[in-house]
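Here is how names work: the chains are called A, B, and so on, in the same order as the sequence lines, proteins then strands, and each is numbered from 1. Any value given below was found using the heavy atoms of this structure, including those in side chains, with hydrogens, waters and symmetry copies removed.
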2 protein chains.
Amino acid sequence: MASWLSIPVDSHFSLANIPFGIISTSKSSVPVPAIAIGNYALDLSTFTKAQGFSSLPSFHPHLDVFHQSTLNGFAALGRPVHRQVREYLQAVFKNDTPFPSVLKENAALQREALIPLSEVTNHLPLQIGDYTDFYAGRNHAFNLGCLFRGPENALQPNYNSLPVGYHGRASSVVVSGTPIVRPTGQILTNPTATPKIPVFMPCKRLDIELELAAFVSTGNKLGQPVPIDKAEDHIFGLVLMNDWSARDIQAWEYVPLGPFNAKNFATTITPWVVLIDALEPFRAQGLEPGNRDSLLPYLREKRPDNVFDIKLEFELRHSKEDAPTRISTTNATNLLYSFSQMLAHHTITGCNLRTGDLLGSGTISGKEPKTQGSLLEHTNGGKEPITLSDGTTKRIFLEDGDEVILRAVAGDVDGAYVGFGECIGSIAPAVNFTF
Amino acid sequence: MASWLSIPVDSHFSLANIPFGIISTSKSSVPVPAIAIGNYALDLSTFTKAQGFSSLPSFHPHLDVFHQSTLNGFAALGRPVHRQVREYLQAVFKNDTPFPSVLKENAALQREALIPLSEVTNHLPLQIGDYTDFYAGRNHAFNLGCLFRGPENALQPNYNSLPVGYHGRASSVVVSGTPIVRPTGQILTNPTATPKIPVFMPCKRLDIELELAAFVSTGNKLGQPVPIDKAEDHIFGLVLMNDWSARDIQAWEYVPLGPFNAKNFATTITPWVVLIDALEPFRAQGLEPGNRDSLLPYLREKRPDNVFDIKLEFELRHSKEDAPTRISTTNATNLLYSFSQMLAHHTITGCNLRTGDLLGSGTISGKEPKTQGSLLEHTNGGKEPITLSDGTTKRIFLEDGDEVILRAVAGDVDGAYVGFGECIGSIAPAVNFTF
């Protein structure tokens with residue numbers, strides 16, 4: 001598909017994508033819905049006011065969702081509506097658009113509604129109700145298990161039977177670009193001493209976790225589980241996510257109820273939600289087929305290819321003067337469970353999901369060197385430093401001023417990439433406490 | 001303090017209390033703020049419209065909060081405003097009110113705004129952002145630890161250093177009276193067999209957890225921890241809570257990231273929020289003083305009496321024909337940490353709290369027989385059945401149709417009780433799955 005709009009061939013936001021987000025600008029500080037296309041955002045509020053959806057009459061009862069400050073209203077309309085709107089916007093932008101008067105030949109509306117991405121401020125795309133983080137990257141779970149318990153007992157007995165997950169902190173999910181203040185907390189600096197006396201200090205083992213995450217579109221009622229073959233219809237789309245982790249705080253606090261302060265200080269997501277329909281051409285099989293017989297029926301999918309072939313990478317930049325160092329490249333096929341399986345498992349007890357809920361995949365790692373989604377794995381538990389691209393600077397965990405850049409993209413044809421853009425965060429110094 | 005309104009001497013909602021909630025009625029289905037007083041609710045929307053706050057001019061800029069469908073707006077005004085409004089409403093209701101024309105001598109407004117509690121439908125008092133559950137009842141943690149690991153290793157090494165907590169599920173917090181559908185999930189029916197193969201079945205070990213919980217009034221910004229001596233000013237008030245737990249689902253799923261499906265299907269709270277100011281006369285010392293030297297400074301409170309003397313009980317009724325059986329009586333002084341300590345710990349990493357966030361205390365148990373806040377402890381891990389009041393019916397865990405009633409009240413002077421009312425839930429049969 002070619003567009004009348006100039007879209008760089010390597011853009012994450014090709015005509016095949018059409019991801020949705022929330023933006024504001026220096027001229028208009030009120031956050032409004034938008035799509036990303038090439039190097040531009042299309043302001044959907046302005047587009048709607050200018051009769052941009054005049055040729056999509058089925059959507060006319062819902063136009064108000066594009067004058068809201070989050071995408072919750074749009075997401076709640078359900079997947080058939082998302083599909084119609086995405087396909088309509090693709091038609092508006094394609095070379096031989098059937099609706100040339102809407103935008104292609106409307107220079108005034110182009111000037112008003114097409115805003116260079118460089119001039120846009122991104123906001124959280126949806127108001128998040130609950131945030132749940134899973135642990136579906138089996139290589140990551142195995143790698144961490146090896147560090148803690150050795151390879152024989154690396155995976156817990158439940159791991160291959162259910163998507164392990166835990167409730168995360170919704171309030172501190174932030175959009176790419178938000179600075180991350182180094183957390184302070186209780187740390188056991190000498191784990192072998194008796195008695196165990198923790199120290200109050202800034203985190204020294206600040207790590208990243210490379211994940212994908214799904215936003216819930218339509219929810220379910222309390223007491224009414226979502227069947228596995230309907231689960232994907234409850235997903236609005238995916239974002240790329242960095243679930244920052246304080247490994248030293250985690251080690252002391254996490255028994256017996258799981259991570260808490262080690263994770264609650266920040267989670268960064270990309271601003272543009274890539275719809276499931278845009279990822280449809282990239283279906284692939286995960287670490288095991290989604291319909292394998294060993295799964296209990298409530299988790300068994302009809303198709304084996306229940307995850308997506310999405311290339312993932314993360315880079316670290318330790319100073320503005322130096323080029324970023326590519327630390328890792330991996331792929332979202334390194335998941336044992338799909339988002340549909342996570343969602344079905346989440347609701348099997350009757351737990352209700354709501355529009356805007358966020359489900360994280362867990363850290364995605366490969367098996368080979370330089371494919372791990374966290375520094376803890378990369379450095380073999382903090383024992384083997386990484387040398388950065390300047391040839392001298394070493395890193396085990398993150399230091400103040402470090403910038404972390406995650407990227408994710410599906411497809412390998414120029415002009416047809418379906419990407420997530422960048423998920424960026426830099427580390428600010430810890431709070432200075434006085435007691 | 002005596003009132004011109006007839007208030008039963010044993011009422012939880014004496015003039016010393018004035019708890020806030022959200023109600024609707026068969027005549028007016030729009031949820032509105034209210035207080036409970038004796039056997040009545042005072043509809044604050046109607047009261048406001050009828051110039052009920054005419055003699056509290058400092059509150060006039062905020063009157064709109066009493067026309068909202070949650071208490072978030074009121075809670076966000078902060079503790080000094082809550083105190084003024086509560087004291088004003090006490091003044092309106094007391095025998096020698098300085099404002100007799102407001103309500104005492106206004107029969108028309110009494111008829112309109114004073115609604116018998118029996119005619120009121122209660123709603124969740126606040127829209128909950130995040131829900132966090134702590135584990136601050138040390139006797140409960142010790143009892144569970146004994147069941148799992150024996151008395152020598154019952155408490156984990158971190159327990160006396162920090163308030164252990166985990167993120168819970170906000171979407172499934174429901175108000176007292178909501179039926180609880182028995183959850184279904186993965187259960188390891190034969191834990192000693194190899195390999196470990198779970199069964200998909202309804203929970204057989206459905207339990208209660210007797211807790212108190214605090215609602216957050218004003219939040220904090222991301223990256224800006226709340227100091228311990230300011231923490232209580234961020235608390236709106238307390239409710240009584242039943243954190244329903246599926247022990248068999250929990251046993252299989254909870255390693256290594258903590259409870260998930262075992263807890264996410266429902267949490268029941270009382271509808272009336274008891275303000276911290278109402279509990280002020282009942283300050284008491286918890287299991288250890290709040291200012292003990294062994295605490296890190298960020299958790300050390302100025303005063304030793306940092307918890308509240310609140311009597312707690314739970315009853316079980318297995319049929320409508322039989323009287324409820326009192327299972328347990330205990331006291332909120334069985335906490336090792338206060339809500340201020342939980343809140344300070346929660347934010348020490350920079351995690352932001354928001355108005356409406358809910359912090360659970362964890363299960364509160366005593367040390368003596370019949371003082372435990374869960375059936376798992378009561379029945380010694382499911383081994384010793386309880387005989388109910390009919391003399392023949394036995395219970396280990398909850399069966400379909402069982403009704404659980406929690407109660408909490410501070411004070412021992414007739415006419416001056418500060419109580420929470422009842423936190424009720426009855427068990428509905430599991431969903432009937434077909435695959």
Does any donor atom in the side chain of [X] or [Y] lie under 3.5 Å from an acceptor atom in the other side chain?
| X | Y | value |
| --- | --- | --- |
| B/Trp244 | B/Thr268 | yes |
| A/Asp243 | A/Ser245 | no |
| A/Asp357 | B/Ser171 | no |
| A/Thr434 | A/Asn432 | no |
| A/Tyr131 | A/His167 | no |
| B/Asn242 | B/Thr267 | no |

[X] versus chain A, heavy atoms under 4.5 Å apart: side chain, backbone, both or neither?
| X | answer |
| --- | --- |
| B/Ile197 | neither |
| B/Val164 | side chain |
| B/Leu162 | both |

Taking side chain as everything from C-beta outward and backbone as N, CA, C, O, which of these in A/Val431 sits under 4.5 Å from a heavy atom of chain B? Side chain, backbone, both or neither.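 Side chain only.
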
Side chains of A/Ile249 and A/Ile187: closer than 4.5 Å at any heavy-atom pair? yes

Are the aromatic ring centres of B/Phe134 and B/Tyr337 under 6.0 angstrom apart?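 No, the ring centres sit 6.0 Å or more apart.
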
What residues of [range] sit under 4.5 Å from chain B when only non-hydrogen atoms are counted?
| range | result |
| --- | --- |
| residues 214-230 of chain A | A/Leu222, A/Gly223, A/Pro225 |
| residues 136-147 of chain A | none |
| residues 152-161 of chain A | A/Gln156, A/Pro157, A/Asn158, A/Ser161 |

Identify, with sequence neighbours excluded, every residue that meets salt bridge (Lys or Arg N to Asp or Glu O under 4.0 Å) alongside B/Asp207. B/Arg247

